[in-house]
There are 2 protein chains.
Amino acid sequence: MLQPSGLEWTDPECPVARAADLVGDKWTLLIIRDSLDGKRRFSEFEKSLGVAKNILSDRLRLLVDRGLLARIPNQSGTRSQYELTDAGRDLFTLILSLRQWGERNAFTAGESHSVLIDPSTGQPVPEVRPLSADGQELGPDQALLVKVGQPLPEAAR
Amino acid sequence: MLQPSGLEWTDPECPVARAADLVGDKWTLLIIRDSLDGKRRFSEFEKSLGVAKNILSDRLRLLVDRGLLARIPNQSGTRSQYELTDAGRDLFTLILSLRQWGERNAFTAGESHSVLIDPSTGQPVPEVRPLSADGQELGPDQALLVKVGQPLPEAAR
DNA sequence: ACCACTTGGTTGCAACATGCAACCATTCTG
DNA sequence: CAGAATGGTTGCATGTTGCAACCAAGTGGT
């Protein structure tokens, strides 16, 4: 499990809250975006994000500490690379959800934006959607939050 | 489209970045989580999140301004409710991705956490996964970022 | 070998955001 | 009608962000 040093969970029982504690920050999300896109060097992130160096330095340190990135030092001791760990790579679904929500809701019809292509089809990556076990689309009104310690509802037993 | 007043996009061409500008903040994400869970009143958010009132007040104002929540005033002019707009409800996939990533990566095997149940099956909501058009699972290495203005790769034409 | 440039940072400082506590006008509740 | 709860706002101390300057180690060109 990810075990960040000196981080108090905002709401320890909720996976959404733990995830938000770990990656719920603009620069953190954009660093992960760039990492998934293959970027690994300090200067690549800096150029792509336009973020202040001290902030980038801080976020990279946090991401390494939290187990999302691994710092691979160069043989000469400097110019390390930052590579996604398994937990970091597992954020692909999240970043894709962010991207597709942004495409649907933060652009007007005429505006162009970058696109993720599936090279096997040449088409944009299909939208990720929550599905019920029977393959039906699942919306927020069909999902029921069960708090920890609470008995499962009748239907779930 | 969402048209927040006085917000400069960090990276206008990237949907991930626009989305991060709009919802890439811990409290914002947790307010959306609670809204999807049916909470609508100031005090409900306050109690659930444990956030300072001025911060909650600020985030609710931003969310309304950005078009993710609608403020429904009470007839008496006070005690309004905050309801998700369509764009806000569309964040269900994102919050679910956050939740499932958190479940996979921010808990040890023994730790318990809240769960989303699909009442139609009684089982936890299945994991959302990016799929290729042919139904194969799609990972970060199989997706290709195409920047705006850049020609589509050969395969996509 | 030398000099300039790039990389990957750190430090100092000003401005802004966050969080706590106190306060307050309404509005429910008994 | 008194008291509590609701939905905030304000002030202040502390923390975070972002800019600019600086710097040491490596890299490249001659």
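In this text the structure is predicted, and so the values were computed from the model without any measurement. What you see below is based on every heavy atom in this structure, not just the backbone, and it leaves out hydrogens, waters and symmetry mates. Protein chains get the first letters and strands the later ones, always in sequence-line order, with residue 1 at the start of each.
- The side chain to side chain donor-acceptor pair (under 3.5 Å) search around B/Thr85 returns none, not counting sequence neighbours.
- Under the 4.0 Å criterion applied to side-chain N and carboxylate O atoms, A/Arg99 and A/Glu103 are assigned as salt-bridge partners.
- Between A/Asp25 and B/Lys26 there is no salt bridge, since no side-chain N of the basic residue sits under 4.0 Å from a carboxylate O of the acidic one.
- Remark: B/Arg104 pairs with A/Asp90, B/Gln100, B/Trp101, B/Glu127, B/Arg129 by the side chain to side chain contact (heavy atoms under 4.5 Å, CB included) rule, at least two apart or across chains.
- Looking at residues two or more places apart in sequence or on another chain, you find a salt bridge (charged side-chain N to carboxylate O under 4.0 Å, His left out) between B/Asp86 and B/Arg89.
- Between B/Tyr82 and D/dG8 there is a side-chain N or O to OP1 or OP2 distance below 4.0 Å.
- Axis angle across the helix from C/dA1-D/dT30 to C/dG30-D/dC1, with five pairs used at each end and values rounded to 10°: 40°.
- With D/dG8, C/dG9, D/dG7 as the choices, the nucleotide that has an atom nearest any side-chain atom of A/Arg71 turns out to be C/dG9.
- If you take CD1 of A/Ile72 and C1' of C/dG8, they are 17 Å apart, rounded to a whole angstrom.
- Using a 4.0 Å heavy-atom distance criterion, A/Phe45 is classed as making no nucleic acid contact.
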Handout entry: Under 4.0 Å protein heavy-atom contacts per nucleotide of nucleotides 10-20 of chain C, with B for base, S for backbone only and - for none
Key = SBB-----SBB
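- One interatomic measurement links the two molecules: NZ of A/Lys47 to C1' of C/dT6, which rounds to 13 Å at whole-angstrom precision.
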Between side-chain atoms of residues 29-38 of chain A and protein atoms elsewhere (two or more places apart, or another chain), which donor-acceptor pairs fall under 3.5 Å?
unit_1  : atom_1 : unit_2  : atom_2 : d
A/Arg33 : NH1    : B/Asp11 : OD2    : 3.4
A/Asp34 : OD1    : A/Ser48 : OG     : 3.4
A/Asp34 : OD2    : A/Ser48 : OG     : 2.6
A/Ser35 : OG     : A/Ile31 : O      : 2.9
A/Asp37 : OD2    : A/Lys39 : NZ     : 3.3

